[in-house]
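Some notes on the structure that comes next.
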Number of protein chains: 2
Amino acid sequence: MQNQQAPEMSCPVAPVVDLVFSRWTTPILWTLNFDGRQRFSELERRIETITPKVLTERLRQLERDGLVSRTYHREIPPRVEYQITELGSSLAPLFAQLAHWGTAHLPDVEQARLSYDA
Amino acid sequence: MQNQQAPEMSCPVAPVVDLVFSRWTTPILWTLNFDGRQRFSELERRIETITPKVLTERLRQLERDGLVSRTYHREIPPRVEYQITELGSSLAPLFAQLAHWGTAHLPDVEQARLSYDA
DNA sequence: CAGCATCCTGTTTGATACTG
DNA sequence: CAGTATCAAACAGGATGCTG
C-alpha cells in the first residue's frame, strides 16, 4: 500500500489510486472481472509470478475494501472461491478506459523515453 | 516504481498504472493540469509533504515519459518551469473519471471496511 | 487445498545538509 | 532558486516450512 493520505488533499484521485492501483491488484481484479469466479490456485496460476503469501495479502485487502468476496466451502480438500463484487465491477469502465489509453498512448511514451535517453 | 512487467501479460491496465499511478505522480499531474505551469518551489509548496529529492525524481521520470516538460531559464536566480504536455493532458478524462468514481464509491468502501473489521 | 508464521532481503522513501 | 549528496528508516516482497 502506498499511503497517499497527505497528497490526497490536493488530488482527489489519490485515494482511488491507493485503493485500486496498488501492486498486483489490477491483475487480480482484471481476471476476476473477465474470467469470473475463481479458486485460490486458479488465481495463482493465472497471475503466474505472484507468491501465495502476496496473493493472500492482496485478496484480504480487496475483500476488506468490498471489491472482492470470498466463499469458503467446508469440504475435504477445502475449496475457496473468489468473486468480484458489484462494487468491484463498477470499476470495469475505468479499467476499460485505462486499457484504451494504454493502447493509444503507450507507444508515445516509449518514443519519449527514446528521445530523452538520447 | 512498481515494475509490473510480469502481470501486464494478463492485465493490459498494469503498464498504465506503472506509468501514471506510482507514488506522488497523481498529485503532480493533477496540479500541473489544473493550476497550470509552475516552478519547482510552487510544486513543492502545493504538494506540501513531498521532499525536494523525491519531487525531483518524480519530475524527471515524468519528463522522461513525455508527460511533463521542463524549461530552464538561465537567470540569476535560476528559474525552472514545469508544464504538462499534450500527452500528459490526454490523461485528464481518465483522472476525471477516477475522481468521479471516488466520490461515488469511496463511502461504500469505507462501509465495507467497517463491516469487515467488525 | 489454501493458507499462515517466520525470517530475510532489496528497493523505496525520507531527513538532513550542502551547492552552482 | 533548484536542486544534489549522503545516510538512515521503512516497507514490500520473496523463500521456506508447516497445518486444518
Side-chain angles (χ1 to χ4, degrees), chain A residues 1-8 11 14 17-28 31-32 37-65 68-83 116, chain B residues 1-8 11 14 17-28 31-32 37-65 68-83 116:
Chain A
M1 186 82 79
Q2 300 182 38
N3 181 24
Q4 302 196 350
Q5 288 192 353
E8 86 185 43
C11 176
V17 170
D18 247 15
L19 184 72
V20 182
F21 301 121
S22 53
R23 173 106 138 120
W24 296 114
T25 55
T26 51
I28 294 172
T31 182
L32 285 177
R37 176 175 32 182
Q38 282 168 78
R39 306 179 58 167
F40 186 86
S41 47
E42 293 181 280
L43 288 170
E44 216 176 338
R45 243 173 296 115
R46 273 232 172 68
I47 305 183
E48 304 207 338
T49 55
I50 200 169
T51 61
K53 179 197 158 196
V54 173
L55 180 55
T56 303
E57 287 169 354
R58 290 286 90 106
L59 285 169
R60 286 287 177 286
Q61 178 200 331
L62 291 168
E63 190 193 355
R64 187 173 106 96
D65 292 339
V68 159
S69 73
R70 174 181 185 270
T71 314
Y72 187 99
H73 300 273
R74 205 166 281 285
E75 308 169 353
I76 298 176
R79 187 163 54 93
V80 176
E81 289 186 313
Y82 291 92
Q83 186 171 190
Y116 185 93
Chain B
M1 185 83 79
Q2 300 181 39
N3 181 22
Q4 302 197 354
Q5 289 192 351
E8 85 185 44
C11 176
V17 170
D18 245 16
L19 183 71
V20 182
F21 301 121
S22 52
R23 176 109 138 118
W24 296 114
T25 56
T26 51
I28 294 172
T31 184
L32 284 178
R37 176 176 31 180
Q38 281 169 79
R39 307 177 60 165
F40 186 86
S41 47
E42 293 181 280
L43 288 169
E44 216 177 341
R45 243 173 294 114
R46 272 233 172 66
I47 306 181
E48 306 210 336
T49 54
I50 200 169
T51 61
K53 179 196 156 196
V54 174
L55 179 55
T56 302
E57 287 169 357
R58 288 289 87 109
L59 284 170
R60 287 285 178 288
Q61 177 199 332
L62 290 168
E63 190 192 356
R64 187 172 105 97
D65 292 339
V68 160
S69 72
R70 174 181 186 271
T71 314
Y72 187 100
H73 301 273
R74 205 167 282 284
E75 308 168 354
I76 297 176
R79 187 162 53 93
V80 176
E81 289 187 311
Y82 291 93
Q83 185 170 193
Y116 185 93

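Letters A, B, ... are given to chains in the order of the sequence lines, protein chains preceding strands, and every chain is numbered from 1. Computed from a predicted structure; not experimentally measured.
- When each of Glu44(A), Arg45(A), Arg46(A), Gln83(A) is paired with Gln38(A), the side-chain hydrogen bond (donor to acceptor under 3.5 Å, both in side chains) condition holds for Arg46(A) and for no other.
- Side-chain polar atoms of Gln61(A) and Arg64(A) form no donor-acceptor pair below 3.5 angstrom.
- Checked against dC1(C), dG13(D), dG3(C), the side chain of Arg58(A) finds its nearest nucleotide in dG13(D).
- Rounded to a whole Å, the CD atom of Glu63(A) is 13 Å from the C1' atom of dG3(C).
- Every residue was checked against the side chain to side chain donor-acceptor pair (under 3.5 Å) condition with Ser69(A), not counting sequence neighbours, and none meets it.
- Whole-Å rounding puts the Glu44(B) CD to dG3(D) P distance at 10 Å.
- Arg70(A) is linked by a side chain to side chain donor-acceptor pair (under 3.5 Å) to Tyr82(A), counting only residues two or more places apart in sequence or in another chain.
- The side-chain contact (heavy atoms from CB on, under 4.5 Å) search around Thr71(B) returns His73(B), not counting sequence neighbours.
- In this structure, CG of Leu55(A) is placed 15 Å from C1' of dA12(D), rounded to the nearest angstrom.
- Here Arg70(B) lies in heavy-atom contact (under 4.0 Å) with sugar-phosphate atoms only.
- Atom NE2 in His73(B) sits about 12 Å away from atom P in dG3(D), given to the nearest Å.
- If you measure from atom CG of Asp18(B) to atom C1' of dT12(C), you get 14 Å, rounded to the nearest angstrom.
- When rounded to the nearest whole Å, the span between CD of Glu57(B) and P of dA2(D) equals 18 Å.
- The nearest whole Å value for the distance from the CD atom in Glu42(A) to the C1' atom in dG3(C) is 16 Å.
- An end-to-end axis angle of 60° holds for the helix from dC1(C)-dG20(D) to dG20(C)-dC1(D), taken from five base pairs per end and rounded to 10°.
- A 4.5 Å side-chain heavy-atom check between Glu57(A) and Val54(A) finds at least one atom pair inside the cut-off.
- For Thr56(B) and dG3(D), the shortest distance from a side-chain N or O to OP1 or OP2 is not below 4.0 Å.
- In this model, the phosphate group of dA2(C) is not approached by any side-chain N or O of Arg60(A) to a distance below 4.0 Å at OP1 or OP2.
- Looking at Thr56(A), its side chain does come within 3.5 Å of a backbone N or O of Pro52(A) through a donor-acceptor pair.
- Taking only side-chain nitrogens and oxygens, Tyr82(A) comes nearer than 4.0 Å to OP1 or OP2 of dG3(C).
- Contact annotation: Arg79(A) side-chain N/O to dA2(C) OP1/OP2 distance is not under 4.0 Å.
- For Thr26(A) (side chain) and Phe21(A) (main-chain N/O), no donor-acceptor pair under 3.5 Å exists by modelled atom type.
- Arg79(A) pairs by the salt bridge (charged side-chain N to carboxylate O under 4.0 Å, His left out) definition with Glu75(A), Glu81(A), not counting sequence neighbours.
- Atom CD of Gln38(A) is separated from atom P of dG3(C) by 13 Å (rounded to the nearest Å).
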Annotated protein contacts, base or backbone, on nucleotides 14-20 of chain C with a non-hydrogen cut-off under 4.0 Å, one of B, S, - each: BB----B
